[in-house]
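Below you'll find the structure, written out as structure tokens, and then a few comments.
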Amino acid sequence: MDKTRYKEYKSIDLGQVGEEVLAFWLKNRIFERSVEEREGAETFTFYEGPPSANGTPGIHHVMARTVKDIFCRYKTMKGYQVKRKGGWDTHGLPVELQVEKELGITKDDIGTKISVADYNEKCRNAVMKYKDDWDRFTQEMGYWVDLDNPYITFERSYMESVWYLLKSFYQKGLLYKGYTIQPYSPAAGTGLSSHELNQPGCYRMVKDTSIVAQFQVERNERSEFLYKFDDQVPVYILAWTTTPWTLPANSALAVGSKIQYVLVRTFNQYTHEPVQLVLAKDLVSRYFTATENTIEDYQPGDKDIPYSLIQEFSGKDLIGIDYQQLMPYVPLDKPAFTVVPGDFVTTEEGTGIVHLSKTFGADDYRTCEQYGIPGVLVKDSEGKEVPIVDKKGRFVDEITDFAGMYVKNYQDEDESDPNYRSTDVLISIKLKEENKAFKVEKYEHSYPHCWRTDKPVLYYPLDSWFIKTTAFKDRLVELNQKINWKPASTGTGRFGNWLENLVDWNLSRSRFWGTPLPIWKTEDSKEERCIGSFQELKEAVEVSVAKGFMDNPLPEDFDLHRPYVDEVVLVSTNGERMFREPDLIDVWFDSGAMPYAQWHYPFQNEGTFETAFPADYIAEGVDQTRGWFFTLHAIAGMLFDSVAFKNVIAHGLVLDKNGNKMSKRLGNAVDPFDTMNSLGADATRWYMIGNANPWDNLKFDIAGVEEVKRRFFGTLQNTYAFFALYANIDGFQYQEDEAAPEHLKESDHWIISRLNSLIKDVDASFEEYEPTRAVRAIQDFVIDDLSNWYVRLNRKRFWDPASLETKASLDKVAAYQTLYKCLKVVAKLSASVAPFYADLLYRDLNTVSGRESHDSVHLSLFPEVEESNINLDLEAKMRLAQQISSLVHSLRKKHRIKVRQPLTKILIPILRESTKHQIQAVEELIKWEVNVKEIEYVDDTSGILVKKAKPNFRKLGQLYGPLMKELGQKIRNFHHDEIQVLEQGSQLEVHVGDQTVYLTEEDVEIVSEDIPGWSVANEGAITVALDITITEDLKQEGIARDVVNRVQNLRKEMGLNVQDKINIVIEKNNNLVNRALESNQEYICKETQALSLEIAEELTDGKLLEMDDIKLKVKIGV
RNA sequence: GGGCCUGUAGCUCAGGUGGUUAGAGCGCUACACUGAUAAUGUAGAGGUCCGUGGUUCGAGUCCACGCAGGCCCA
């Protein structure tokens, strides 16, 4: 490789660049070195949220991992040591279902058709099925993470740490056995998963007895308002249910806080007693019909029952009201029998008030838990608390009137028998008699049935282990406030609200492939033991072996999974057998345990763990809010009283270009490998970050990636190619001294200033976890400032024939150095987002100059801002130059005068001397850019300036609010004299309405938008006029420029080199053209590298060139 | 049903603290430029700033209620 020449490319294929740079990284261990070389530096800790390798990577993973990668790379360049351990999430239901599908079995077959051991072995293999794809994906997309030493959640060391954590919870009394409400089939005696419940045919239309029950309100301060109009008639709250058998288990009523309710005075249709009833306003018409009959006239037995609305109130007013227990078989402590809010309450059905039985409904349970309301439970023969319906579906003895009766027809009784009475009906009859039923009727609805027995399913409390997160709710909320969430709303809203409404974490899963719950119990449940390490288990087993409960001690390679762990029987303190609780734990506990378990803490690497906790940064999809984000937070907060992460980006989804969810089934999923191969990982990454903020959903459009590739990478590469072409010709290697500031042109100072502003901006954006802002800033700089302005304006300096050794070349050196610096800095700033191309660019530059000793941009340091180089005044000047040029271009356009045609002058009205100085500083640039010979400044003394005043709304509005409309109009109408008063610094008195207002110069903006008789254009405060007269001389010059242009084209056609010399012969033409050629001979020769320009009488073998209406015969000799 | 996010040009997106001509890129149309050339520039057309109310002298921006889409939870 030639280290003295900048590498030149014919064209650049970003996909190929990726491959080559990746090979370079691997060969030179760049990733490893980027960590090793920072040994001893301050650490920046990143936690990898483990993916599951049982599916192939999708394009959304590019998004997720780019967001992670950017900040790790950025922090490395800022000098931190950033270790990042990879990881794999391996346990859980998706793997199990996948295996079951592959084997064509169901959960019931496990343990019969296939042994648990074999089944788990299948899962272990299935979960790493696509590991190779993932590893390849990780490399190709340029995601740097340690793939050689990943943590794997099914490994024993990992599981051992998980057990340690579980035991810590247990010891603090935070791990307890309770119950959750799950679908349960009494006929089959087993719980059903939601998966099983979704089998076709499970939900079936059935006719059940439904009842609207009357719950009598306790009269007290809270409920007094209900008795305001009639304190003689008792008030009842109406609640509807399709499962009357749950009424003895009622412990609360739920209302919608925002729903409107009414109090109705009427009579009970069964007992004819006067009642006052509470129900949702919208549902009154469902239960009452208008009648002639009045409350006063009503006689018991009347068919038409009168009613009248007494008052209206919102659900909020009902909250906290107490009522009498409807069926008082089992007494309960307060706050039972209270009205609570429920977000599931609607006015679609029933009464707008929902009866809650904590033991027989999931919503019910959740809501009661939230408000600390107990469930209706009784003690069984062993003193254990059980619900009032046993596992066979029968009422327990405590429900005296119905003891032993099945709540549903589980005995195949003949329902068509006229004497058949279901339990629901019997309950209804009893309530009618007691004036507790407002309405009883048959109701047809869809109800789930057991797919094995065809019998109705009950929602029933089943044993479950919980972590008592509610005990730490306040602390978790508090800790959350220390976390920097991007976007903030996810932290305060989605996550914060969820913490506020926290319920205990249900840990139990009744599956096979997962971390087993390390709790052993005696058969009578009197004693239990939680195991926290392999060693502890091993020692316990030794006792067991001694006792004769087990045959052999545990082998050193003992697998903690089922079924092996289930075979372990321990010994209780009084010598009884202890068996493991059969549950597995929630896989989310696995992943939430990764800060500790990835290091096998506390059994190993204690020091490593301590320096790497908590994480400085994590990033995952917003769908992880209640998943990983929560489990990390809960474990860290409850066991370590710390946050688990300090900064977090919760990014959005990647949708297809039409905003639909991508799915392999619908065929709109984008293959990440295809995209990266054809357009490059860099362009893909850049597009994903630049197009929208990561936390907004991304509508992925491949056309967008193409645009990024062409516009950003194409432009950047072009700029480099331009640099390399001329630097090689001149032998520029950046070995000479730094050009002295006085040898830098204004535009050099400008681009260096812009460059430093950019560094500052990009650094701050990354620091604040705003990658999109950083990417857009870099992009704008490269395209607008560097390529379209700096390079375009300075091209001439690079092809100046002066050689670098001469004194005349100082300007050229300045230009090369400036452009080099810009490219190098851009490479560094872009490196975290476009790691491949940026590294190539950096090395292409640095290999020749050798100015930095790093082998890769990723080993180098982030550029430092040099504040002294930022010259905001200069940046403002250049903006003026750009603005003025753009205005002149548009004027030329309007008059159809092309830029090649020189013009005499432009006029710029000047209201302030300072503006004039600013423009003068960039005058040369403007003249060059728009091809005019002179800029004339027009000020007051010229007498042709027309000034206008515009109100400064921001300032005046605050002072004269209501007068603004009129005042604004007056200011706009100011004449020259009035403006002059202001300009001289005097106050101007203005009468608005009946008020007098005193204005000063600062209250208005004075502009000049017009010069009478000239063609003008304006933008903001800048106005430009163009002199469009084309003199004979100008015309000739224009022709000369045209000729140069055509000759250059010919040179190119002939394949001549930039330095090749030529001789030009042109056939005699009309007088104008001849004179143009004669008087501009020198200019034409210089521009075209011509040694001579001859005008011949006749040219037989020349080429015919057309320039507008001129036809020219030209011959070029070499 | 609840929480959160999003809604600005045909498309993708910018638009601190309210301030009077609402911007960029792509696409489209036209023109120009052409030792960076499979590049580039300029101009033009294109807007009910999702809707309705409100606050205000003034609302894309603030408030309320809706509508549509998305995510999570029920």
Side-chain angles (χ1 to χ4, degrees), chain A residues 10-11 256-259 342-348 362-363 366 487 489-498 500-501 621-627 650 652-653 655 657-661 687 690-693 695-699 701 703-704 706-708 710-712 714-715 717-726 772-773 776 779-780 783-784 787-788 791-792 795 798-799 885-886 888-890 892-894 896-900 929 950-958 960-968 972 1018-1020 1045-1046 1048-1049 1051-1052 1056-1060 1087-1089:
Chain A
K10 281 220 169 60
S11 66
S257 328
K258 289 185 190 163
I259 296 174
D343 54 20
F344 47 86
V345 179
T346 68
T347 53
E348 304 278 299
D363 274 337
R366 185 173 52 88
S489 60
T490 298
T492 53
R494 196 183 268 240
F495 194 65
N497 289 346
W498 147 259
E500 294 285 353
N501 294 304
V622 68
D623 52 342
Q624 293 291 314
T625 309
R626 291 166 192 203
L653 264 70
L655 308 168
K657 65 174 176 180
N658 299 316
N660 299 313
K661 209 169 170 167
Y687 162 74
N691 189 66
N693 279 315
W695 36 88
D696 291 332
N697 287 347
L698 174 72
K699 290 183 195 164
D701 189 352
E706 273 157 14
E707 186 186 326
V708 162
R710 192 167 47 79
R711 232 170 83 74
F712 175 69
T715 304
Q717 176 56 23
N718 249 321
T719 306
Y720 167 77
F722 173 83
F723 167 82
L725 174 67
Y726 289 102
T772 306
R773 234 167 57 194
R776 287 177 178 170
Q779 190 165 294
D780 289 346
I783 296 172
D784 295 336
S787 171
N788 289 347
V791 173
R792 198 156 53 85
R795 268 181 300 184
F798 292 90
W799 69 68
S885 302
S886 153
V888 176
H889 278 305
S890 84
R892 279 181 169 274
K893 171 85 188 168
K894 204 158 120 195
R896 301 183 163 276
I897 303 171
K898 52 189 176 184
V899 181
R900 218 158 26 211
E929 174 67 14
K950 283 183 178 174
N952 180 346
F953 277 100
R954 192 187 288 262
K955 192 152 180 290
L956 293 172
Q958 285 165 0
Y960 306 111
L963 302 175
M964 261 333 275
K965 224 170 216 161
E966 203 185 331
L967 181 60
R972 269 187 254 263
N1018 45 41
E1019 185 192 332
N1045 162 241
R1046 298 309 192 272
Q1048 298 284 36
N1049 286 347
R1051 285 182 56 116
K1052 210 161 59 179
L1056 293 183
N1057 236 320
V1058 181
Q1059 300 104 314
D1060 294 338
E1087 290 293 312
T1088 60
Q1089 307 276 332

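Every chain is numbered from 1 and lettered A, B, ... according to where its sequence line falls, protein lines coming before strand lines.
The separation of rC4(B) from rC63(B), taken at their P atoms, amounts to 13 Å, rounded to a whole angstrom. Comparing the C1' positions of rU40(B) and rA59(B) gives a spacing of 40 Å, expressed to the nearest Å. As rounded to the nearest Å, rA9(B) and rU29(B) have C1' atoms that lie 16 Å from one another. For the C1' atom pair drawn from rG41(B) and rG60(B), the interatomic distance equals 31 Å after rounding to whole Å. Straight-line distance between the P atoms of rU17(B) and rU61(B): roughly 11 Å, to the nearest whole Å. Nucleotides rC5(B) and rA14(B) have their P atoms positioned 15 Å apart, rounded to a whole Å.
Using N1 to N3 plus N6-O4 or O6-N4 for Watson-Crick, or N1-O2 and O6-N3 for G-U wobble, each under 3.5 Å, rA22(B) pairs with nothing. Nucleotide rG1(B) is matched to rC73(B) when pairs are restricted to Watson-Crick or G-U wobble geometry with both distances under 3.5 angstrom. The nucleotide rA14(B) finds no pairing partner, because no Watson-Crick or G-U wobble arrangement with both distances shorter than 3.5 Å includes it. Under the Watson-Crick and G-U wobble criteria, each requiring two contacts below 3.5 Å, nucleotide rC28(B) is paired to rG44(B). The base-pairing partner of rA68(B), taking Watson-Crick or G-U wobble contacts with both distances under 3.5 Å, is rU6(B).
Here the P atom of nucleotide rU40(B) and the CD atom of E707(A) are 11 Å apart, to the nearest Å. Rounded to whole angstrom, the span from the CD atom of Q717(A) across to the P atom of rA39(B) amounts to 14 Å. Summarising the geometry, the separation between CD on E500(A) and P on rG3(B) is reported as 14 Å, rounded to the nearest angstrom. In this entry the distance linking CZ of R711(A) with P of rG25(B) reads 7 Å, nearest Å. In this structure, CZ of F495(A) is placed 14 Å from C1' of rG3(B), rounded to the nearest angstrom. In this structure, F722(A) places its CZ atom 13 Å from C1' of rA39(B), rounding to the nearest Å. Straight-line distance from the CG atom of N691(A) to the P atom of rU6(B): 16 Å, rounded to whole Å. When the C1' atom of rC13(B) is taken as reference, atom CG of D780(A) falls 12 Å away, rounded to whole Å.
In this model, the phosphate group of rG2(B) is not approached by any side-chain N or O of N497(A) to a distance below 4.0 Å at OP1 or OP2.
Residue-level contact check: R792(A) touches the bases, meaning some heavy atom is under 4.0 Å from a base atom.
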For this session: Decide yes or no on side-chain contact (heavy atoms from CB on, under 4.5 Å) for Y687(A) and D701(A), but give the supporting numbers first.
Result: CA-CA 9 Å; Y687(A) 162 74; D701(A) 189 352; 4.0 Å; yes
Exercise. Is there a side-chain contact (heavy atoms from CB on, under 4.5 Å) between T490(A) and W695(A) once you walk through the steps?
Worked result: CA-CA 9 Å; T490(A) 298; W695(A) 36 88; over 6 Å; no
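For the pair N697(A) (side chain) and L653(A) (backbone), a donor-acceptor distance under 3.5 Å is present. Using a distance-only test at 3.5 Å, with no hydrogens or angles considered, no donor-acceptor pair links the side chain of R366(A) to the main chain of A362(A). Remark: the backbone N or O of S489(A) is not paired with any side-chain donor or acceptor of R494(A) at under 3.5 angstrom. A donor-acceptor contact shorter than 3.5 Å links the side chain of R776(A) to the backbone of N691(A).
In this structure, S787(A) and T719(A) approach most closely via the heavy-atom pair CB-OG1, 3.8 Å.
Nucleotides of RNA chain B nearest to I783(A) and S787(A) differ in position, and the one nearer the 5' end is that of S787(A). Toward the 5' end of RNA chain B, the nearer of the two residues D701(A) and D784(A), judged by each one's closest nucleotide, is D701(A).
Relative ring orientation between F798(A) and Y726(A) is described as tilted, the plane-to-plane angle lying within the 30° to 60° band.
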Seminar exercise, completed: For nucleotides 60-74 of chain B, 5' to 3', base contacts (B), sugar-phosphate-only contacts (S) and non-contacts (-) with protein non-hydrogen atoms under 4.0 Å give ----------BBSSS
